[in-house]
Number of protein chains: 2
Amino acid sequence: MDQSPPRNTSVTVADVAHKAGVSKATAARVLGGYGTVSDRVREAVTAAARALDYRPNELARSMTTGRSGTIGVVVGDIENPFFSLAVRGITDVARQAGFTVILINSGEDVAAEKAAIRTLLAKRVDGLIVSPAKESDVEHLREAFRSGLPLALLDRGSDELDVDTVIADDRHAAEAVTCRLLSLGHRNIAYLTACDTPDHRFRTAKDINTGSVRRRIEGFLGACRDAGLTGMEQWIHVGAVTPEHTQRIAKGMLQSALRPTALIASDSVIGLEVFKVCRELGLSVPHDLSLVSFHDADWTSVTTPPVTVVRQPVYGLGETVAKLLVERLNGERQDARKVVLKTEIVERASTGEPIQGER
Amino acid sequence: MDQSPPRNTSVTVADVAHKAGVSKATAARVLGGYGTVSDRVREAVTAAARALDYRPNELARSMTTGRSGTIGVVVGDIENPFFSLAVRGITDVARQAGFTVILINSGEDVAAEKAAIRTLLAKRVDGLIVSPAKESDVEHLREAFRSGLPLALLDRGSDELDVDTVIADDRHAAEAVTCRLLSLGHRNIAYLTACDTPDHRFRTAKDINTGSVRRRIEGFLGACRDAGLTGMEQWIHVGAVTPEHTQRIAKGMLQSALRPTALIASDSVIGLEVFKVCRELGLSVPHDLSLVSFHDADWTSVTTPPVTVVRQPVYGLGETVAKLLVERLNGERQDARKVVLKTEIVERASTGEPIQGER
DNA sequence: TTGAAAGCGCTACCAT
DNA sequence: ATGGTAGCGCTTTCAA
C-alpha cells in the first residue's frame with residue numbers, strides 16, 4: 001500500500017531503539033550524546049537512526065532539559081543598517097555557541113517591545129538581547145530579568161538596570177564632534193534625531209528616552225557649555241522618525257532665517273535624508289552646511305563630498321553583547337558587566353569652516 | 001524565609017487550577033482559549049492566573065499540538081541591505097499572522113544552509129523560507145519539503161523544486177538594462193557578480209548556481225545575442241564575494257587594455273565597490289564608464305553622479321513569500337505558486353554614451 | 001460544563 | 001554498560 005520511503009512522520013527514539021534492539025534509554029543516550037554506551041551498541045543505534053532517518057525533536061528535548069538553545073533578540077528595526085549589522089554580529093556568535101536566534105522588531109515602540117518579550121518568554125528562550133525603545137520604560141525588562149532570564153542590553157543601557165550592557169562611547173563621541181565643529185568656528189550647530197518627545201519639541205536631555213541618543217545630546221550640550229555657549233537646546237530637533245519627517249524638519253531648519261551652519265545627524269538614515277535635502281535646496285556641503293553623521297554607513301564615503309562620520313564598531317557591539325550573554329548562559333559569570341566600545345571620528349570633506357561673516 | 005513575590009519559577013496550569021479550585025483540564029481550557037467554560041469559572045481562573053503571574057509554556061503547547069508557531073528563515077547574509085529589507089517584509093507578515101521568526105545566515109554556503117535546515121527541522125518550525133545558496137544543490141530542500149514541511153523560496157527559484165516561489169523578473173530586467181546600454185552605443189559591457197565558479201571564470205550561464213543571477217546573465221547574453229554580439233561571455237566576471245575581491249576584479253578590468261565602457265553590478269554591494277574603484281582610478285562616470293547596479297540601495301541616489309539602478313520590490317519580495325507560506329500553513333491552498341514581481345529601471349546620471357572613437 | 005487520564009518525545013534518575 | 005520508569009507542561013479524547 002504505502003510504497004513511499006520510510007515515512008519520517010516523527011521517527012522517535014523509541015522507534016530507533018526498537019529497530020536497534022536496545023532499550024529506549026540506551027538509544028536516547030547515543031542519540032542525545034550523553035551517558036556511556038558500548039561501541040557495539042552505539043553503531044547499531046546510529047545505523048538504525050540513519051535507516052529510519054531519525055530527526056531529534058528539540059522541542060521535546062527542551063521540555064525536559066529546560067533549555068531551548070534559543071536567544072531572543074529585540075531590535076528597533078532590522079531594516080536599519082545599524083541593526084542589521086549588529087544582528088549579524090549577534091547571530092555569528094550565537095551560532096558558534098550553539099544557539100539559534102529568534103528575531104523580533106519592536107519598531108521602537110514600547111508596547112510592541114513588551115509583546116515581543118512576552119512571546120519570547122513563552123517560547124522559553126534561554127536568554128534575551130534587547131535594544132530598549134525607551135530607557136525610562138523598562139519595567140518589563142526588569143521583571144524578565146528578576147524572574148531569572150539572562151538579559152543583555154544592546155546600544156542602549158539603563159542606569160537603573162544592572163544587567164550586561166554594551167554601548168558605544170556616545171557622549172564622548174558627541175563631545176569630540178561638537179568640539180571639532182566649534183573649533184572650526186561654528187556656533188549654530190543643529191542636532192537632529194529620530195527620538196521624539198510628546199510635543200515633538202526638545203527641552204532637556206532628560207526627555208530623551210533612548211539611552212544612546214540622550215548621551216550624545218548630553219555630550220553635545222556639554223561641549224557647547226564648555227565653550228561658553230548657552231541656549232543650544234534650541235538647535236536640537238527631535239521626531240525625525242521617517243524619511244519624510246526628516247526631510248520636513250531639515251527643510252524647515254535650513255530655510256529659516258536663523259539657520260544652522262553645521263548639523264549633526266544622530267544616525268545614518270537621518271544623515272542621508274539631510275544630504276538629499278541639501279542637494280534639493282542647492283546648498284553646498286560643507287560651504288553652506290557642515291554635515292556630520294553618526295554611523296559609518298556605506299554611502300557616506302561615496303558622496304560628493306564624502307561625509308564626516310562617527311564610526312561605531314557596530315558589528316562588534318552585536319558580537320560583544322552576544323558574547324556576554326553566552327558567557328552568562330554558560331554560567332561563567334554572575335556579575336553584570338557594562339562594556340563601552342570606542343568610537344572614532346572619520347573626518348571627511350563634509351565639514352569645514354562656516355561662511356565668513358555669517359553669525 | 002522566602003520573602004520575594006510569587007516566584008514565577010514555572011507557574012503551571014496545575015498551579016492555577018489549584019488556586020482557582022478547578023481541574024487542570026478546565027484551567028487549561030480558559031488559559032489556552034479553547035473548549036467551553038462558564039463565565040464564573042473563566043473569571044476565577046483568569047484571576048488566579050494573574051495572581052500567580054502565570055506564563056504559558058509555548059514549548060509544552062507545541063509538544064502536544066505539533067505546531068510551534070515559528071517560521072525558519074535562511075538567507076545569505078542579513079547584513080546585506082537586500083536581505084535585511086526582505087527579512088523585514090517577512091517578519092512583518094509573520095508577526096501579524098501570529099508567527100515568530102528564527103533567522104539563520106547561510107553565508108551563501110550550501111553546507112551551512114544544510115546545517116541551518118537541520119537545526120530548523122529539529123526546532124520543529126511550522127514552515128521554512130529559504131533563499132537557496134545554490135539552485136543545483138537543493139536535495140536537502142526537496143527532502144524537507146517531501147517530509148511535509150511547508151517551504152517557500154525567496155529570490156531564487158528552482159525549476160526542479162515545485163514549491164511556492166517569489167522572485168523578481170531578473171531576466172527581463174537584465175535584458176532591458178542591456179538593451180539600453182546597447183542603444184547608447186556600448187559594446188564592451190561587463191557584468192560583475194558575487195556568484196563564483198570552481199575556477200573563478202565564467203563559461204556558461206549553466207555554471208551559475210544562484211537562480212536570480214543566472215537569469216540575469218541569461219538576459220544579458222540574450223540581449224547581446226539579439227543585437228548580433230557574440231562572445232560576450234568574456235565580459236562576465238564572477239567571484240566578487242567580498243569588497244576586496246570586488247575591488248581587485250574591478251581594477252583588473254578597468255585597467256586592462258580592452259576595458260569595458262559599461263558595467264552592470266549584480267547587487268548594490270558590488271555596485272558600491274565599483275563606484276569607489278572608479279573614484280580611486282580617476283575614472284569619470286559615465287564618461288569613462290557607464291554604471292548600472294541591481295537593487296535601488298539608499299546610496300545610489302546621493303552619489304555624484306547618481307547611479308542608474310534596477311529597482312526591485314525587495315520588501316514586497318519578503319512580504320509576498322511570507323504571505324504564501326502563511327496561506328499554506330493555514331491550509332488555504334495546496335498547489336505551488338510561482339510569483340514573479342516586476343522590476344523597474346531607474347535611469348539616473350551614471351549611464352551615457354561611450355567615449356567617441358573608443359572601440 | 002467539567003473532570004480524569006492518556007499521551008507528545010525526550011531526559012534523568014535509579015536499579016541492575 | 002544497560003534497562004525501567006517517572007516526569008516536563010500542555011492538549012485532547014472520553015465520561016460524567
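Order of the sequence lines sets the chain letters (A, B, ...), proteins ahead of strands, with each chain counted from 1.
- Between B:K24 and A:E58, it is B:K24 whose nearest contact on DNA chain C lies nearer the 5' terminus.
- No donor-acceptor pair closer than 3.5 Å links the side chain of B:D126 to the backbone N or O of B:I71.
- Here the side chain of B:R333 pairs a donor or acceptor atom with the backbone of B:D335 at under 3.5 angstrom.
- Summarising the geometry, atom CG belonging to B:L149 is positioned 5.5 Å from atom CG belonging to B:L128; distances are rounded to the nearest 0.5 Å.
- Of the two residues contacting DNA chain C, namely B:A60 and B:R40, the nearest-nucleotide position lying further toward the 5' end is that of B:R40.
- Distance from the side chain of A:T12 is smallest for C:dG9 among the nucleotides C:dG9, C:dT11, C:dC8.
- Each of D:dT11, C:dT1, D:dG9 was ranked by its minimum atom distance to the side chain of B:T36; first place goes to C:dT1.
- If you measure from atom CG of B:D15 to atom P of D:dG9, you get 8 Å, rounded to the nearest angstrom.
- Among the nucleotides D:dC8, D:dG9, C:dT2, the one closest to the side chain of B:S10 is D:dG9.
- Side-chain atoms of B:N57 lie closest to D:dG9 of the nucleotides D:dG9, C:dT11, C:dA5.
- In this model, no donor atom of one side chain and acceptor atom of the other lie less than 3.5 Å apart for B:S131 and B:D155.
- Of all nucleotides listed (C:dG9, D:dC10, D:dG4), D:dG4 comes nearest to the side chain of A:S23.
- Nearest nucleotide to the side chain of A:T65, out of C:dA12, D:dT12, D:dG9: C:dA12.
- Dashed line: the shortest gap from a side-chain N or O of B:Y34 to OP1 or OP2 of D:dT11 is under 4.0 Å.
- Atom CG in A:L31 sits roughly 7 Å away from atom P in C:dC10 (whole-Å rounding).
- For B:R29, whose side chain is taken as the heavy atoms from C-beta onward, the closest listed nucleotide among C:dC10, C:dG3, D:dG3 is C:dG3.
- When rounded to the nearest whole Å, the span between CE of A:M63 and P of D:dG7 equals 14 Å.
- In this structure, of C:dC10, C:dT2, D:dT11, it is C:dT2 that holds the atom nearest to the side chain of B:V41.
- Taking every side-chain heavy atom of A:T26 into account, D:dT2 is the closest of C:dA6, D:dT2, C:dC10.
- Side chain of B:V37, nearest nucleotide from C:dG9, D:dT11, C:dT2: C:dT2.
- One interatomic measurement links the two molecules: NZ of B:K123 to C1' of C:dG9, which rounds to 15 Å at whole-angstrom precision.
- In this structure, B:S38 reaches the sugar-phosphate backbone alone: every heavy-atom distance under 4.0 Å involves primed, P, OP1 or OP2 atoms, never a base.
- The environment of NE2 in A:H18 is sparse: at most 12 heavy-atom neighbours from other residues, nucleotides or ligands sit within 6.0 Å.
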